Number of protein chains: 2
Amino acid sequence: MKEDRLPTIKEIARRLNVSVSTVSRALHDHPGIGLRTKTRVQQLARELDYAPNQNAIFFKQRKTFTIGVILPNLKEEFFSEAINGIEEVATGHKYSVLISQSRDDIERERQILTTMKNNRVDGIIASLGANTTQYDHFAALKKYGIPLVFFDRVPTLPEFNKVYSNMNSGTREAIEFLIEKGHRRIGVLNGPEKMRSSKERTETYMQVLMKKRLKIDLGLVISTDLTRESTLQAMQHLLSQRPRPTAILAINDYIALDAMQFARQQKLKINKDICFVSYANLPVTSYLETPPMASVEQYPYQQGAKAAEILMQIISRGDKDEKSSEPETFQNIVINGQLVVHSKR
Amino acid sequence: MKEDRLPTIKEIARRLNVSVSTVSRALHDHPGIGLRTKTRVQQLARELDYAPNQNAIFFKQRKTFTIGVILPNLKEEFFSEAINGIEEVATGHKYSVLISQSRDDIERERQILTTMKNNRVDGIIASLGANTTQYDHFAALKKYGIPLVFFDRVPTLPEFNKVYSNMNSGTREAIEFLIEKGHRRIGVLNGPEKMRSSKERTETYMQVLMKKRLKIDLGLVISTDLTRESTLQAMQHLLSQRPRPTAILAINDYIALDAMQFARQQKLKINKDICFVSYANLPVTSYLETPPMASVEQYPYQQGAKAAEILMQIISRGDKDEKSSEPETFQNIVINGQLVVHSKR
DNA sequence: GATTTTCTTGCAACCGTTTGCGTAGACAGA
DNA sequence: TCTGTCTACGCAAACGGTTGCAAGAAAATC
């Protein structure tokens, strides 16, 4: 015996013999409505279990109170944790979150952006796919007035808002840590060359080694495309170097896991024959018998939350001065990664 | 120089001096529109980069082409994998997916349901929070005509659609496997007693032991609330039993991870002093030096995909015969879990 | 009692799109 | 010339709310 239709404002108006506008105002506690009618309306609304059709409101207000989030995948705890940060802030502002995974596929990324645009999300938070090197589809959002904030995997161009973790300080700490532990040959499992974080990592790597007056062997810095296969290949290469590197810096914990597994298969003892330091500091690694010696915490929750805050701010600003033509400025928030040491030896 | 408004059908109509209905039909390739106008309209639409305002369409059609997914969290790979299955099917049907996490908090769960209801999602897929024992908020959806399909953590009541992995066969295999390996005292780290899977697990546990004529010690079956703390407590208890259990069956891989960590801290050698078998068979465990001996694969992707298929089917059925009053039937899909052995010894 | 003010309420437009129905014009047949 | 049939399009209502403006009724002021 299901109701054909949910109760509407019209229904209430009809039953109470008042106009819809009166009902609407009564439900909003508008001062211009008499106490009598106001209570009558509110009571009937409660009885009917009335809830406004958000869709109608969205449509009318030309707003959806929804933000889109597009990221490479949900599997990595880094991203699901970032989502928590985003959700927290968004729901605090009465916004919903529409999540989509690009799976590091640029076509998918494009597709998702169009859908989100057509669905009229009020703003978008994105983390780039590993293979995304052009940003035209993102730039196009501007034309439609949809604000955009990147986080973690951000483009190198200045004309975007971004929140990301700077690799310099964390990388410096990590390498200094390894050197202090006596390591002299340190391999790097880096991400795609085009990624900003990859560049930063290489730069800092060289800087620190130079400062410490150690020999730099660029054969120890390998780019990967973040897939398991390319990680294993890179490890193969690194471990075949002579003298063999005694420590490896991996772009993130998942890559480190693959690398450690590979090393183990090569009969190397983790944290003894070869040490690992990685980025992200995900909870999973704490379950390992031999976790990476250290990991650079990148504060995914904070990154997500901050990105959401910026977006909310832009949205509410846009709501007010519809067409102030003050020059657009872009936020560029850097969250310093910090080395967390897991194992003392 | 951002456009104030996105191009609408009206705009096109105005520019071409035709009516909006003509434009609408032209864009839909309606036969009643002349070829001349049709091409004129379509071309201008392309030039203006016109895209229909989905919101307006949703509103008009009283459909949102969006399904809501509510699950305990995104952190567990089981759930993010399930989402992949859901997304795949949903996008195949041109539906968007709105994801929300209940964080095992029933209040949040309620809140999310109301929001989704007000947002007029076309259907909902849910996995219960660990503490959810009442289903009134879910039952209420029926009143609003919102179809609902549960997966994985499903209620025990018959009047819901559900897709879940049956614990019996997997559990039987798991325990027989352990017995075959010589284990006689097998502990169970179970979930909340109210959970259907917990009950099934206990049942099967006893059945198998009885069949094998082994002594049953119910002190070895402990309920937890899925938090790390309660897992550790339970482990404390299990390991203090004499004789100490030589194997432990854990409700899922994450619980197993916590348990194994605890066991290691107690100086027990995993897979030697004490063996673990768990459920879910998540990729993370493959990175351990000593993974659980075996794990019952529960096919999260398939569960998600199947749940989405059922939902799509219900939705499209509902679209057709608006008010056929045939008695509602509920789907009850069981996916048999299957034991995957990791370590031979 | 007339006029002004205040309090309540209704009217109507609007958001962008879809769709049933009506109709002008072209053309053919009688 | 008059009907009748198509073809190609426009009108207008509807989806469910919000909101500026007007206006009637009641209360207050003189």
Side-chain angles (χ1 to χ4, degrees), chain A residues 3-42 44-45 48-65 117-122 144-145 319 322, chain B residues 3-42 44-45 48-65 117-122 144-145 319 322:
Chain A
E3 323 274 295
D4 278 18
R5 287 263 217 289
L6 267 47
T8 71
I9 225 172
K10 284 188 189 171
E11 175 68 11
I12 298 181
R14 199 179 53 71
R15 295 214 199 187
L16 258 38
N17 253 315
V18 294
S19 76
V20 289
S21 46
T22 303
V23 176
S24 173
R25 286 192 253 258
L27 291 173
H28 285 85
D29 233 3
H30 187 100
I33 300 295
L35 191 58
R36 278 195 70 83
T37 22
K38 202 178 277 186
T39 39
R40 284 207 315 149
V41 169
Q42 290 176 348
L44 182 57
L48 292 182
D49 216 6
Y50 166 83
N53 181 339
Q54 293 297 343
N55 263 325
I57 298 179
F58 293 166
F59 170 55
K60 165 77 181 172
Q61 316 274 258
R62 291 216 213 72
K63 276 203 67 171
T64 54
F65 291 95
K117 182 201 72 183
N118 292 350
N119 278 43
R120 304 289 195 269
V121 296
D122 292 341
Y144 302 112
D319 282 352
E322 273 296 339
Chain B
E3 324 274 294
D4 280 16
R5 287 261 216 292
L6 268 46
T8 71
I9 224 172
K10 282 187 191 174
E11 175 68 11
I12 298 181
R14 199 178 53 72
R15 295 214 199 186
L16 258 37
N17 254 313
V18 293
S19 76
V20 288
S21 46
T22 302
V23 176
S24 173
R25 285 192 253 256
L27 292 173
H28 286 87
D29 235 2
H30 186 99
I33 300 295
L35 189 58
R36 276 195 72 82
T37 18
K38 204 178 275 186
T39 37
R40 284 208 313 150
V41 168
Q42 291 176 348
L44 183 56
L48 292 182
D49 217 5
Y50 166 82
N53 181 337
Q54 294 296 346
N55 261 326
I57 298 180
F58 293 166
F59 169 55
K60 166 78 179 170
Q61 316 273 256
R62 291 214 213 73
K63 275 201 69 171
T64 54
F65 291 94
K117 184 201 72 184
N118 292 350
N119 279 42
R120 304 291 195 269
V121 296
D122 292 340
Y144 301 112
D319 281 353
E322 271 297 338

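To find a chain, count down the sequence lines: A is the first, B the second, and so on, and within it residues start at 1. Remember, predicted model here, so these are calculated numbers, not experimental data.
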All N/O pairs under 3.5 Å across the protein-nucleotides 21-23 of chain D interface:
none

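Rounded to an integer number of Å, the gap from B:L27 CG to C:dG16 C1' is 13 Å. Atom CD1 of B:I9 and atom P of D:dA14 are 20 Å apart (whole Å). Distance, A:K38 NZ to C:dT8 P: 9 Å, rounded to whole Å. Going from atom CG of B:L6 over to atom C1' of C:dG16 covers 12 Å, rounded to whole Å. Rounded to an integer number of Å, the gap from A:F58 CZ to C:dT17 P is 18 Å. Rounded to whole Å, the distance from NZ on B:K10 to P on C:dT18 is 13 Å. Between B:N55 atom CG and D:dC15 atom C1' there is a gap of 13 Å when expressed in whole angstrom units.
Counting all heavy atoms, side chain and backbone alike, B:A51 lies closest to A:K117 at CB-NZ, 4.0 Å. Looking at every heavy atom in both residues, B:L48 comes nearest to B:P7 through O-CG, 3.5 Å. Listed here is the closest heavy atom pair of B:T64 and B:D122: N-OD1, 3.1 Å. The minimum heavy-atom distance linking B:R120 with A:L6 is given by the pair CZ-CD2, 3.4 Å.
Here A:G34 lies in heavy-atom contact (under 4.0 Å) with sugar-phosphate atoms only. Within 4.0 Å (heavy atoms only), B:V18 reaches sugar-phosphate atoms of the nucleic acid but no base atom. A:Y50 comes within contact range of the sugar-phosphate backbone alone, with a heavy-atom separation under 4.0 Å but no base atom that close. Nucleic acid contact class of B:S24 (heavy atoms, under 4.0 Å, all strands): base.
A donor and an acceptor atom sit less than 3.5 Å apart, one in the side chain of B:S21 and one in the base of D:dC11.
Rounded to the nearest 0.5 Å, atoms CZ (A:R40) and OG1 (A:T22) are 10.5 Å apart. Taken to the nearest 0.5 Å, the NE2 atom of B:H30 stands 11.0 Å off from the NE2 atom of B:H28.
Checked against C:dC15, C:dG16, C:dT19, the side chain of A:K60 finds its nearest nucleotide in C:dC15. Counting only heavy atoms from C-beta on, B:T37 has its side chain closest to D:dC9 among D:dC9, C:dG16, D:dG17. The nucleotide whose nearest atom lies closest to any side-chain atom of A:I57 is, among D:dG16, D:dG10, D:dT18, D:dT18.
Side-chain contact between B:Y50 and B:I9 is present, with at least one heavy-atom pair separated by less than 4.5 Å.
Stacking between B:F59 and C:dT17 is absent: the ring centroid is not both under 5.5 Å from the six-membered base ring centre and under 30° in plane angle.
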